Amino acid sequence: MLGKIERIKLERLVANNLRELISIVYDLYPTGKYYLWYRGHLDESWDLIPSVQRGTYCENERHMAIDFYMRVSVALKEKPPTKYYPGWVALMQHYGLPTRLLDWTKSLLVAAFFASYNYDTLKDKEGCIWVFRPAQLNEIEGLGKCICSMDSQVIWDLLAPVFDSKDEKKEAHDKIYACYPVENNMRVYVQQSAFTVHNSKRRLQDIKSDQLLTKIIIPYEEKKVIIKELKICGITLKSIYPDAEHIAEEIKSFYNYGK
């Protein structure tokens with residue numbers, strides 16, 4: 001007779017509300033046994049690849065990074081030191097420039113928000129939440145089970161080639177590591193952010209390892225329900241993006257009764 005986890009593995013995992021979502025994660029990954037990170041997609045067909053690997057950005061990665069560095073060095077008063085690569089890549093990510101970083105969160109509820117919010121922008125598209133074991137990835141990639149900070153040497157080696165091809169090290173080639181951010185940023189803090197750094201064209205989905213990744217489908221018609229449940233839990237646009245622009249957007253939405 002199959003156990004609960006074995007039965008779930010044979011099924012298409014679907015969560016219609018927060019209770020079902022939490023129950024699936026709890027059954028698949030016993031509480032406290034693993035570090036778990038999450039990522040929410042409005043469209044379940046989207047790949048788990050960093051933004052720089054989409055379109056033609058990859059072939060222009062270094063040009064974009066150097067151009068960004070030159071322009072921002074003039075525009076911003078507070079910026080990272082000249083060759084502090086982790087800080088510059090994090091800054092690029094923060095301002096929406098395509099990078100080799102892929103965002104994750106330590107909060108299942110935050111991931112549920114990203115899988116459900118603005119659902120009307122993609123009509124009838126199922127969303128999903130990816131559940132990920134970062135320490136397992138690092139062990140597979142030869143780093144051991146530790147999860148490093150973004151300014152550690154091993155992560156630095158994955159980011160240096162963004163700016164200078166001479167800094168590329170053989171042992172960092174074709175690697176994907178999980179790491180924690182170190183920058184002092186309120187959005188990173190409230191979203192409980194973490195990253196995978198991709199110095200490889202491999203997709204995370206293609207790495208064969210038991211329970212490294214689990215995909216949970218969020219049906220389109222249930223996204224509105226989940227957003228309402230998240231609001232009860234205090235997960236709103238204002239809490240995810242704590243800046244004046246998004247606070248104003250949330251206020252407009254609240255008082256627009258016809259929406």
Side-chain angles (χ1 to χ4, degrees), residues 1-50 101-117 126-150 175-181 188-198 202-219 222-223 225-227 229-230 232-235 240:
M1 183 175 180
L2 290 174
K4 195 168 188 178
I5 291 179
E6 282 72 23
R7 289 200 305 273
I8 289 176
K9 284 182 181 179
L10 297 176
E11 299 170 358
R12 182 173 182 263
L13 300 178
V14 179
N16 297 295
N17 51 57
L18 290 183
R19 178 178 293 181
E20 292 182 5
L21 176 61
I22 293 169
S23 178
I24 290 171
V25 174
Y26 185 87
D27 288 336
L28 281 171
Y29 300 91
T31 301
K33 191 173 182 180
Y34 312 109
Y35 285 114
L36 295 179
W37 293 355
Y38 310 93
R39 181 175 169 87
H41 284 180
L42 269 177
D43 186 341
E44 64 86 18
S45 68
W46 292 345
D47 272 333
L48 277 175
I49 58 174
L101 302 182
L102 187 64
D103 289 294
W104 296 85
T105 174
K106 292 174 281 183
S107 169
L108 179 58
L109 297 184
V110 170
F113 179 88
F114 284 117
S116 306
Y117 185 73
E126 291 184 319
C128 75
I129 293 173
W130 287 99
V131 188
F132 170 56
R133 289 171 58 184
Q136 184 175 343
L137 171 70
N138 284 357
E139 186 175 25
I140 292 168
E141 295 291 272
L143 192 58
K145 292 183 178 180
C146 65
I147 303 173
C148 302
S149 63
M150 195 169 167
K175 295 291 185 181
I176 307 172
Y177 291 150
C179 67
Y180 288 120
V188 167
Y189 178 77
V190 299
Q191 292 180 13
Q192 299 185 52
S193 296
F195 299 117
T196 44
V197 184
H198 297 244
R202 291 175 294 142
R203 302 186 314 162
L204 284 172
Q205 300 103 302
D206 297 332
I207 298 176
K208 305 301 181 184
S209 183
D210 186 45
Q211 286 191 288
L212 175 67
L213 283 166
T214 300
K215 186 179 187 180
I216 304 172
I217 299 297
I218 307 295
E222 304 301 337
K223 290 179 180 180
V225 172
I226 289 176
I227 285 297
E229 292 177 330
L230 287 168
I232 293 172
C233 298
I235 305 296
I240 296 293

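Note that the coordinates shown come from a computational prediction; the quantities given were computed from them, not determined experimentally.
Of the residues listed (Leu28, Asp27, Ile217), the one engaging Leu13 in a side chain to side chain contact (heavy atoms under 4.5 Å, CB included) is Leu28, and it is the only one. When Tyr29, Tyr180, Phe195 are each tested for a ring pair (Phe, Tyr, Trp, His ring centres under 6.0 Å) with Trp37, only one passes: Tyr180. Between Phe114 and the choices Leu42, Ile240, Asp103, the side chain to side chain contact (heavy atoms under 4.5 Å, CB included) rule is met once, by Ile240.
Atom CG of Leu48 sits about 4.5 Å away from atom CD of Gln205, to the nearest 0.5 Å. Here CZ of Arg12 is found 12.5 Å from CD1 of Ile216. Values are rounded to the nearest 0.5 Å. Rounding to the nearest 0.5 angstrom, the gap separating the CG atom in Leu204 from the OG atom in Ser209 is 11.5 Å. A distance of 9.5 Å separates CG of Asn17 from OG of Ser23, quoted to the nearest 0.5 Å. Residue Leu108 holds its CG atom at 5.0 Å from OH of Tyr38, rounded to the nearest 0.5 Å. To the nearest 0.5 angstrom, Ile207 atom CD1 is 6.0 Å from Leu212 atom CG.
Between Met150 and Leu101, the shortest heavy-atom distance links the atoms CE-CD1, 3.6 Å. Nearest heavy-atom pair across Ile147 and Cys179 is CG2-CA, 4.0 Å. Contact record, Cys148 with Asn138: N-ND2, 4.5 Å, taken as the closest heavy-atom pair. Nearest heavy-atom pair, Pro134 versus Phe132, reported as atom, atom and distance to 0.1 Å: CD-O, 3.3 Å. When all heavy atoms of Arg39 and Leu102 are compared, the closest pair comes out as CZ-CD1, 3.5 Å. The shortest heavy-atom contact between Gln136 and Gln211 is OE1-O, 3.9 Å.
A donor-acceptor pair under 3.5 Å links the side-chain atoms of Glu20 to the main chain of Asn16, judged by distance alone.
Thr196 and Trp104 share a donor-acceptor pair across their side chains, judged by distance under 3.5 Å alone. Between the side chains of Gln191 and Ser107, no donor N or O sits under 3.5 Å from an acceptor N or O.
For the pair Thr105 and Ser193, the minimum side-chain heavy-atom distance is 4.5 Å or more. By the 4.5 Å heavy-atom criterion applied to side chains, Leu18 and Cys233 are counted as neighbours. Side-chain atoms of Asp47 and Arg203, non-hydrogen and from C-beta on, do get closer than 4.5 Å to each other. Counting heavy atoms from C-beta on, the side chains of Trp130 and Thr214 never come closer than 4.5 Å.
A salt bridge links Glu141 with Arg202: the closest approach of a Lys/Arg side-chain nitrogen to an acidic carboxylate oxygen falls below 4.0 angstrom.
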If you apply the rule side-chain contact (heavy atoms from CB on, under 4.5 Å), what do you find for Ile218 with Glu126, and how did you get there? CA-CA 6 Å; Ile218 307 295; Glu126 291 184 319; over 6 Å; no
Show, in sequence, the C-alpha distance, side-chain angles and deciding distance for Arg133 and Tyr35, and conclude whether the side-chain contact (heavy atoms from CB on, under 4.5 Å) test is met. CA-CA 6 Å; Arg133 289 171 58 184; Tyr35 285 114; over 6 Å; no
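Few gaps surround NZ on Lys215; more than 12 heavy atoms of other groups in view lie less than 6.0 Å from it.
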